[in-house]
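Step one of this worksheet: look at the structure below.
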Amino acid sequence: MKTQTAEKTDKRIAALAVLSAVWALSILLSVWFAAKTNAANRITERNNELLQRLAPAVISKKKYDEAQAKIVRHVMAAEEDASTISILEEKFPGAQPDSIKESTEIRETTGLRMRTSFMKWKSVEIETLSNIISELESGSNPYRLYAISITPSRRDNIVEAEAEFISFTKPKTP
Amino acid sequence: MRLGRLASVHIGIDFTRTGSMRVVGVSRGAVVFETDSPAKSDDLLESLEECRMCSAAPFFSESILMELTPPPLPAKKVERILPSLLDIQLPFPASECMYVFSKGHATYKAHAMRTADLKAFLAKLAEAKCNPARVVPPAAAVWARALAEIPPSSENEVRALFICEEDYTLLITGKGPEPGAQSVYKTGSEEHARRLRLALGTIPEDMVCICAGSRGESAKTSLLQLDTVNSKNIRVPDSPAFFMARALAFDSMVNSGKRGDLNLRTGALMHDAGRRSEAAPLIRLCAVMAVCAIFITSYSAFTFSRSSSRADSSGENLRSEINAVAGYDVKPRGSAGVQVALEAAGQNVDPAVEVYAANSIKEALSEIALLAQQHSITLHHISLTHEGLTASASTARSSSIDEFISAVKSSGIRAECTEAPAEKKDGSFGFFVHPAKL
């Protein structure tokens with residue numbers, strides 16, 4: 001025999017049980033989401049740390065890519081300059097190198113042709129060498145000093161020198 | 001009869017065995033209408049059918065009033081044992097009854113009614129197109145109303161309240177705020193005095209008799225014949241025929257939905273409005289909790305989704321940076337991928353492009369010549385490439401060597417002196433410079 005109050009209490013207990021279950025479920029879900037959020041935040045932090053480690057390399061790469069793009073743009077627009085041999089013959093007839101080698105190769109990274117000119121002097125005035133370098137570097141599609149080796153001789157201002165110049169030109173169309 | 005806004009009117013219904021009905025409306029503590037022909041008003045009929053502020057009282061003979069004297073226990077325990085005490089005193093099982101309790105000074109009053117009688121009463125009311133939200137014990141309602149309309153001269157004033165109708169009379173005796181006992185008998189002129197003596201034994205001189213109901217005046221006349229009762233103490237309230245209905249209307253106004261509500265329509269017989277209002281707090285609580293649960297869960301889900309998308313995006317960003325630095329699609333992820341990318345970074349760089357873009361060799365050459373002069377270094381041979389400086393040199397002071405190397409390094413030229421300087425015959429120090437390793 002159940003009294004009216006007992007019946008009412010039973011219903012309330014049932015309703016409270018359902019409510020508690022819903023609450024417990026929502027709390028469990030929230031805790032689960034919080035754990036997942038925490039894990040995701042840790043992943044983000046770790047990725048950011050790795051990005052910071054990578055940052056200098058990324059900056060260098062960016063600079064390199066920009067420089068390369070700039071060279072490609074410049075070279076594609078410029079006319080090909082004369083060879084180093086003809087420049088030296090024309091501008092420095094009295095300071096001809098003892099040997100000069102010119103070569104051309106296609107650079108894989110840019111697809112451009114790179115002209116290399118290797119010159120060797122047994123004796124050359126240091127000032128003349130400086131002028132030669134300046135002259136070769138002043139064209140519309142200039143050469144650049146890539147390597148240089150200087151050995152002073154016993155005589156003042158006279159040196160033994162080896163210099164390597166490079167220049168980029170657009171690929172020749174077939 | 002136009003009653004207008006009945007929504008705020010508490011209605012008392014006095015329904016007698018003869019089938020006649022008296023209805024009283026009360027609003028803001030004042031009677032707004034009294035009628036014994038409710039069928040004449042459509043508004044009233046509509047209200048009687050569904051009004052949640054309607055109260056009725058069962059037939060006198062079907063209402064039971066009992067005094068329960070529980071043992072001295074805490075109130076909560078007493079409340080639990082009251083149904084059992086009532087079950088002992090009733091001539092039939094308490095489970096067959098609807099009952100309510102009211103607390104007196106040391107005792108409790110139990111108002112009970114058989115469930116079958118209450119169902120039959122509600123059915124009769126339904127036939128008369130009435131569906132009151134409350135069915136309250138008549139003794140409680142009229143006793144409270146009598147105290148309000150004819151206030152007692154002292155706290156211990158003994159009172160007898162007659163609700164005298166054509167067929168039956170309800171006699172309630174007692175003192176103080178709670179009715180003491182009730183008896184129901186067939187209405188008859190000699191019967192009132194006899195029943196009063198039966199109820200009280202000795203009739204106190206200062207006892208107050210209140211005669212209400214449609215036969216209230218005739219009850220007063222018969223009571224005046226009693227020598228023991230002072231005629232001044234025999235009172236008839238205003239509009240005695242509507243006293244019961246008025247008492248019910250006021251009871252609805254004062255007690256409806258409150259803690260001391262003596263409504264017998266509970267459990268399975270509860271009025272829909274009562275069920276709704278009883279469930280309302282729980283429903284509100286459920287709704288609030290559900291909204292909170294939804295909010296908390298949604299917020300957590302939203303935060304998770306945002307963090308997850310941030311993690312995905314940073315992962316994607318890292319992957320693309322790793323691939324960009326390495327120059328190819330790097331399979332390992334995370335720190336292993338970064339390591340691979342850093343190791344592979346130099347492999348895609350064409351030194352010719354770097355030298356050409358920076359035009360660094362010519363500038364470095366001038367810088368080295370200047371630094372050599374500043375640190376009194378004599379260069380015997382110098383070779384400069386993108387890898388760094390290779391040189392043989394000499395100086396008079398050995399300390400100048402380190403200074404020179406440091407200055408060259410500061411200019412961004414890779415150089416180091418791996419061997420100790422060798423002292424020459426002339427006292428100078430010869431040394432060699434090599435490109436520093438990365």
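Each chain gets a letter, A, B and so on, in the order its sequence line appears, and its residues count up from 1. These figures come from a predicted structure and were not determined experimentally.
Using a 4.5 Å cut-off between non-hydrogen atoms, the part of residues 118-135 of chain A that approaches chain B consists of Ile133(A), Ser134(A).
In Phe295(B), the CZ atom is not crowded: 12 or fewer heavy atoms of neighbouring residues, nucleotides or ligands sit closer than 6.0 Å. Within 6.0 Å of the CD atom in Gln96(A), the count of heavy atoms belonging to other residues, nucleotides or ligands exceeds 12. Within a 6.0 Å sphere centred on OH of Tyr328(B), heavy atoms belonging to other residues, nucleotides or ligands number more than 12. Residue Phe432(B) qualifies as open at atom CZ: its count of foreign heavy atoms under 6.0 Å is 12 or below.
Among the candidates Asn38(A), Ile71(A), Asn41(A), the residue making the largest number of heavy-atom pairs closer than 4.5 Å to chain B is Ile71(A). Put simply, of Leu51(A), Leu25(A), Val31(A), the one with the most heavy-atom pairs under 4.5 Å next to chain B is Leu51(A). In terms of heavy-atom pairs under 4.5 Å with chain B, the best-connected choice from Thr151(A), Leu54(A), Ile150(A) is Ile150(A). When Ala391(B), Ala345(B), Ser314(B) are compared by the number of non-hydrogen pairs under 4.5 Å with chain A, Ser314(B) comes out ahead. Chain A forms more heavy-atom pairs under 4.5 Å with one residue of Thr303(B), Leu379(B), Leu285(B), Val349(B) than with any other, namely Val349(B). The candidate with the highest count of non-hydrogen atom pairs below 4.5 Å against chain A, out of Glu387(B), Met289(B), Arg310(B), Lys362(B), is Met289(B). Your options are Gly315(B), Ala357(B), Ala301(B), and the one with the most heavy-atom pairs under 4.5 Å with chain A is Ala301(B). Interface check for chain B: of the options Leu29(A), Ile43(A), Ile166(A), the most heavy-atom pairs under 4.5 Å are formed by Ile166(A). Ranked by heavy-atom pairs under 4.5 Å with chain A, the first of Ser335(B), Pro351(B), Ala352(B), Ala324(B) is Ala352(B). By number of non-hydrogen pairs under 4.5 angstrom with chain A, the leading residue of Asn317(B), Thr297(B), Ile294(B), Leu342(B) is Thr297(B). Between chain B and the residues Leu145(A), Val18(A), Asp65(A), the largest count of heavy-atom pairs under 4.5 Å involves Leu145(A). Top candidate by heavy-atom pairs under 4.5 Å with chain B, chosen from Ala57(A), Ala34(A), Ala67(A), Pro152(A), is Pro152(A).
A donor and an acceptor atom, one from each side chain of Gln68(A) and Arg107(A), are nowhere located under 3.5 Å apart. Judged by distance alone, the side chains of Arg115(A) and Thr104(A) never bring a donor and an acceptor atom under 3.5 Å apart. For the residue pair Ser305(B) and Ser308(B), no side-chain donor N or O sits within less than 3.5 Å of a side-chain acceptor on the partner. Between the side chains of Glu102(A) and Thr84(A), at least one donor N or O sits under 3.5 Å from an acceptor N or O. For the 3.5 Å distance criterion, the side chains of Thr390(B) and Ser383(B) fail to qualify, holding no donor opposite an acceptor.
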Would Tyr146(A) and His386(B) satisfy ring-ring contact (aromatic ring centres under 6.0 Å, His included), going step by step from the backbone distance to the final call? CA-CA 7 Å; Tyr146(A) 186 61; His386(B) 67 274; 5.5 Å; yes
Between Phe101(B) and Tyr99(B), does a ring-ring contact (aromatic ring centres under 6.0 Å, His included) hold up when you go through it step by step? CA-CA 7 Å; Phe101(B) 301 101; Tyr99(B) 48 80; 5.5 Å; yes
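Both the backbone and the side chain of Ala293(B) come within contact range of chain A, each with at least one heavy atom under 4.5 Å from a heavy atom of that chain. Of the atoms belonging to His380(B), it is backbone heavy atoms, and not side-chain ones, that fall under 4.5 Å from chain A. Contacts of Glu45(A) with chain B are absent, with no heavy-atom separation under 4.5 Å from either backbone or side chain. Only the side chain of Arg46(A) comes within contact range of chain B, with at least one heavy atom under 4.5 Å from a heavy atom of that chain. Heavy atoms closer than 4.5 Å to chain A are found in the side chain of Leu365(B), but not in its backbone.
A salt bridge between Asp329(B) and Lys331(B) is present, with a side-chain N of the basic residue lying under 4.0 Å from a carboxylate O of the acidic one.
Using cut-offs of 30° and 60° for the angle between ring planes, the Phe33(A) and Phe304(B) rings count as tilted.
A distance-only check finds no donor-acceptor pair linking the side chain of Arg414(B) to the backbone of Gly388(B) [under 3.5 Å].
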